[in-house]
Amino acid sequence: MKEKIAELLNSAVSHLKETGAFPADYNPEITVENARDKAHGDFATNLALKSSKVAGMKPRELAERIIESLPSDPAVRDTEIAGPGFINFFLNEASHLEIIREVVEQGTDFGLSRQGQGQRIQVEFVSANPTGPLHVGHGRGAAYGASVADLLEAVGYDVHREYYVNDAGRQMTILAVSVWLRYLELQGESLSFPANGYRGEYIIDIARQLQKDHGDKLHHPTASVLSDLPPDEPDGGDKETYIDALVERCRKLVGEAAFARIFDLGLNAILGDIRQDLSAFNVDFQQWFSERSIQTNVSEALKILDEKGYLYEQEGATWFRSTDFGDDKDRVVRRDNGETTYFASDIAYHLNKFDRGFDRVINIWGADHHGYITRVKAAIEALGIDPTRLEIRLVQFAILYRGSERLSMSTRSGSFVTLRELREEVGKDAARFFYVTRKAEQHMDFDLELAKSESKDNPVYYIQYAHARVCSMLAKLRSMEASQPTSVNSDTLAPLTLEDEKDLAAMMARYPEVLARAAEQLEPHQLTHYLRELAGRFHTYYNAHKVLVDDPELREARVALSLAVRQIIANGLGLLGVSAPESM
RNA sequence: GCGCCCGUAGCUCAGCCGGAUAGAGCAACGGCCUUCUAAGCCGUGGGUCGUAGGUUCAAGUCCUACCGGGCGCGCCA
């Protein structure tokens with residue numbers, strides 16, 4: 001409908017150009033907005049205000065000329081000039097209600113569009129290090145990423161969801177040694193656990209598996225493990241140096257092959273757990289991309305940068321000249337010990353992403369990575385790829401509250417609240433919904449009590465309840481053995497004459513726009529707010545007017561209206577990974 | 001110190017790439033269940049949009065400076 005108004009305005013502009021009111025080369029951007037106030041009609045344009053200078057006329061005068069030049073259209077009942085020079089459009093009743101027919105006919109397809117034109121777009125999200133279970137901080141990235149991906153798909157993009165598995169780094173070797181130490185404890189050794197080791201309960205579970213698989217074959221006495229190591233942090237030493245030495249000792253004692261088995265056992269156990277967790281959270285990926293698999297491409301990527309002259313040697317290390325692209329300082333890609341950095345892997349990974357042919361790449365990162373954006377974009381640009389094809393969205397942390405009590409979390413100590421615990425406590429639906437009710441870059445307070453509450457305080461239940469209400473009303477209709485509308489046409493809808501009904505229809509007409517906008521701006525919270533409002537209007541309507549009235553024609557019309565509302569709620573919740581229950 | 005994000009009702013937040021009188025929910029107060037689920041609805045009060053300038057027909061929205069809060073500034077990943 002909006003497009004139609006814009007078309008009308010467009011032809012008015014051409015007409016005014018012909019009559020000389022506008023210069024022939026004038027091509028204004030025509031914006032049509034939904035009127036905020038019903039008194040202002042259905043749509044409004046500021047065209048006259050924007051163009052008054054060019055036309056050399058007062059805005060209201062120009063508005064009059066524009067209206068005179070508008071072709072007539074059956075859907076438009078009236079136009080008016082308002083305020084400083086807005087042109088307001090009023091639609092006739094039938095055009096309002098038409099949307100109900102569209103929704104019912106299109107069903108689950110209603111709201112989908114092709115604006116993405118099948119462009120290939122990759123969304124990389126979560127990508128948490130496989131060193132432990134996902135915690136509530138990852139949950140927000142998961143919920144946000146999944147909703148963004150689904151939204152993009154809904155508006156016609158070819159979406160590829162990917163999880164980058166950091167399975168190559170030092171952290172993973174620390175994980176392996178943590179498992180091994182717990183294994184030694186299970187074998188009866190007693191030793192003090194390193195300050196920098198992973199202390200979670202899950203490590204012990206993995207150690208039990210290790211014991212089951214390998215018996216005592218990996219057992220070494222404490223003395224041989226700890227002899228001649230530098231001091232750990234509690235003894236005044238450096239925890240990093242200590243843990244690295246411990247890793248080396250472990251490799252030496254058990255041998256590289258066995259170390260690799262411990263490593264893989266830990267990796268697979270944790271990754272399996274993460275997959276299961278995400279799957280239960282309704283978050284699925286097309287691909288789990290291993291950092292190890294890209295290692296062979298790292299030197300290749302660095303070679304390209306070198307050939308382009310962006311690398312140099314200093315103090316034994318190799319540096320990337322990221323300052324050429326606006327970074328604060330140059331970055332090391334190969335350390336003086338010859339090993340490439342994590343950043344180097346990331347350069348290769350991003351090169352690989354674009355080599356795979358994605359038109360656009362979206363990275364969803366935790367807020368703590370924001371210092372990393374410039375250098376990755378710099379690398380992309382240095383490799384000759386348009387950096388605007390890479391969009392990076394940061395997700396701020398969620399702070400958990402239980403009522404007014406703030407819950408703390410810390411990965412290393414193992415005392416964090418896991419995503420699984422959250423899901424078990426508040427449920428998948430509430431968790432998915434709550435995480436995306438705020439803009440991603442907005443800090444968020446996540447109140448467990450509110451998410452669990454079964455009342456109107458809780459927006460998830462509020463929206464789901466609107467859906468369930470329609471379902472139970474339909475069940476009653478069936479028990480009355482009354483006819484349910486099989487098809488909807490303008491005659492069916494004609495009895496809908498109430499203001500509330502018109503409002504609901506107008507609100508539903510906005511749904512496709514809301515989707516398009518939420519997708520384009522990567523902001524699922526726009527959809528949550530829309531659904532909250534739609535559900536609210538429906539509750540108001542439902543409370544004030546009976547749907548299952550005796551008059552069969554009015555009943556049929558109101559049932560059609562309710563069906564349409566239910567459909568949009570179901571469609572919208574689906575995109576957020578939230579279920580739409582038939583009864584509650 | 002530098003960079004990014006944020007500052008809107010007592011609280012949590014919207015505010016549609018500048019538009020008409022700034023909106024919800026919660027909390028507070030007052031009403032509504034023999035009628036399709038009260039997990040709901042109706043009503044009342046509540047604001048110098050952090051501060052000061054600037055841009056223009058029009059600024060919560062854009063620009064500049066400052067104030068306040070968060071995060072990040074490794075040859076870690």
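The analysis underlying the following values was restricted to heavy atoms, covering all of them including side chains, and did not include hydrogens, waters or symmetry mates. Each chain gets a letter, A, B and so on, in the order its sequence line appears, and its residues count up from 1. A quick note: this is a predicted structure, and the numbers were derived from the prediction, not measured.
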What's the gap between [N] and [M] when it is taken at their [atom1] atoms, as a whole Å value?
N: G3(B); M: C41(B); atom1: P; value: 48 Å
N: G60(B); M: U55(B); atom1: P; value: 16 Å
N: G50(B); M: A59(B); atom1: P; value: 15 Å
N: G1(B); M: C57(B); atom1: P; value: 39 Å
N: C71(B); M: A9(B); atom1: C1'; value: 28 Å
N: G68(B); M: A27(B); atom1: C1'; value: 26 Å
N: U64(B); M: G10(B); atom1: C1'; value: 33 Å
N: G46(B); M: C63(B); atom1: C1'; value: 33 Å

Taking the side chain of [X] as its heavy atoms from C-beta onward, which of [options] lies nearest to it?
X: Tyr462(A); options: A14(B), A77(B), C41(B); result: C41(B)
X: Tyr342(A); options: G19(B), A77(B), U35(B); result: A77(B)
X: His370(A); options: C76(B), C57(B), C71(B); result: C71(B)
X: Leu49(A); options: C57(B), A20(B), C75(B); result: C57(B)
X: Glu33(A); options: G19(B), C36(B), A20(B); result: G19(B)
X: Arg532(A); options: C75(B), G25(B), G15(B); result: G25(B)
X: Glu315(A); options: A38(B), C75(B), A77(B); result: C75(B)
X: Thr540(A); options: C57(B), C42(B), A77(B); result: C42(B)
X: Phe86(A); options: A20(B), C13(B), C75(B); result: A20(B)
X: Ser472(A); options: A77(B), C13(B), C36(B); result: C36(B)

* Just label C13(B) as syn or anti from its O4'-C1'-N9-C4 or O4'-C1'-N1-C2 angle, using within 90° of 0 for syn. =>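 For C13(B), whose glycosidic angle is more than 90° from 0, the conformation is anti.
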* Using the aromatic ring of His40(A) (for Trp, its six-membered ring), decide whether it stacks on the base of A20(B) within the limits of 5.5 Å and 30°. =>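 Given the distance and angle limits, yes, they stack.
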In whole Å, I'd like the distance from the [atom1] atom of [X] to the [atom2] atom of [N].
X: Glu240(A); N: A77(B); atom1: CD; atom2: C1'; value: 11 Å
X: His529(A); N: A24(B); atom1: NE2; atom2: C1'; value: 8 Å
X: Asp330(A); N: G74(B); atom1: CG; atom2: P; value: 14 Å
X: Arg140(A); N: C71(B); atom1: CZ; atom2: P; value: 15 Å
X: Arg558(A); N: C36(B); atom1: CZ; atom2: P; value: 15 Å
X: Phe538(A); N: C36(B); atom1: CZ; atom2: P; value: 14 Å
X: Gln526(A); N: A14(B); atom1: CD; atom2: P; value: 11 Å

Distance-only side-chain donor-acceptor flag, [X] / [Y], under 3.5 Å:
X: Asn34(A); Y: Glu513(A); value: yes
X: Glu80(A); Y: Asn88(A); value: yes
X: Asn46(A); Y: Thr31(A); value: yes
X: Asp327(A); Y: Thr374(A); value: no

Heavy atoms under 4.0 Å, any strand shown: does [X] hit a base, just sugar-phosphate, or nothing?
X: Ala44(A); result: base
X: Phe343(A); result: nothing
X: Asn46(A); result: base
X: His467(A); result: nothing
X: Ser345(A); result: nothing
X: Asn129(A); result: sugar-phosphate
X: Ala317(A); result: base
X: Asp346(A); result: nothing
X: His369(A); result: base
X: Ala466(A); result: nothing

* Structure fact -> Per-residue pairing states of RNA chain B in dot-bracket (Watson-Crick or G-U under 3.5 Å; . unpaired, | other strand) read (((((((..((((.....[...)))).(((((.......))))).....(((((..]....))))))))))))....
* Would you call the rings of Tyr312(A) and Trp319(A) parallel, tilted or perpendicular, where under 30° means parallel and over 60° means perpendicular? ->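 Correct class here is parallel.
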* Going through the checks in order, is the salt bridge (Lys or Arg N to Asp or Glu O under 4.0 Å) test met by Arg334(A) and Glu339(A)? -> CA-CA 6 Å; Arg334(A) 181 175 282 118; Glu339(A) 281 179 39; over 6 Å; no
* Asked: So, for Tyr310(A) and Phe325(A), is the gap between ring centers shorter than 6.0 Å?
  ->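 Under 6.0 Å, so yes.
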* To do: Report yes if the distance between the aromatic ring centroids of Phe125(A) and Tyr163(A) is under 6.0 Å, otherwise no.
  =>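 Centroid distance Phe125(A)-Tyr163(A): not below 6.0 Å, so no.
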* To do: Determine: side-chain N/O of Arg335(A) to OP1/OP2 of C76(B), distance under 4.0 Å, yes or no.
  =>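 For Arg335(A), the contact criterion (side-chain N or O under 4.0 Å from OP1 or OP2 of C76(B)) is met.
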* To do: Give a yes/no answer on whether the side chain of Lys329(A) brings an N or O atom under 4.0 Å of OP1 or OP2 in C75(B).
  =>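 Result: yes.
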* Going through the distances and angles, do Glu33(A) and Lys2(A) end up as a salt bridge (Lys or Arg N to Asp or Glu O under 4.0 Å)? -> CA-CA 8 Å; Glu33(A) 8 180 80; Lys2(A) 232 181 197 174; over 6 Å; no
State whether the side chain of [X] and the backbone N or O of [Y] hold a donor-acceptor pair below 3.5 Å, judged by distance alone.
X: His539(A); Y: Tyr462(A); result: yes
X: Asn363(A); Y: Glu124(A); result: no
X: Ser178(A); Y: Tyr198(A); result: yes

* Asked: Relative to the 5' end of RNA chain B, which residue comes earlier, Ala39(A) or Arg469(A), by the nucleotide with the nearest heavy atom?
  ->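 That would be Ala39(A).
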* Whichever of His545(A) and Met584(A) has its nearest RNA chain B nucleotide further upstream toward 5' ->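 The residue mapped nearer the 5' terminus is His545(A).
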* Asked: Can you check ring-ring contact (aromatic ring centres under 6.0 Å, His included) on Tyr435(A) and Tyr144(A), steps first, answer last?
  -> CA-CA 7 Å; Tyr435(A) 271 132; Tyr144(A) 175 70; over 10 Å; no
* Asked: Does the pair Lys377(A)/Asp346(A) count as a salt bridge with the N-to-O cut at 4.0 Å?
  ->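 Looking at Lys377(A) and Asp346(A), the cut-off is not met.
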For nucleotides 5-12 of chain B, list the nitrogen or oxygen atoms of the protein found under 3.5 Å from its nitrogen or oxygen atoms, one pair per line.
{"unit_1": "C5(B)", "atom_1": "O2'", "unit_2": "Glu441(A)", "atom_2": "O", "d": "3.0"}
{"unit_1": "U12(B)", "atom_1": "O2'", "unit_2": "Arg438(A)", "atom_2": "NH2", "d": "2.8"}

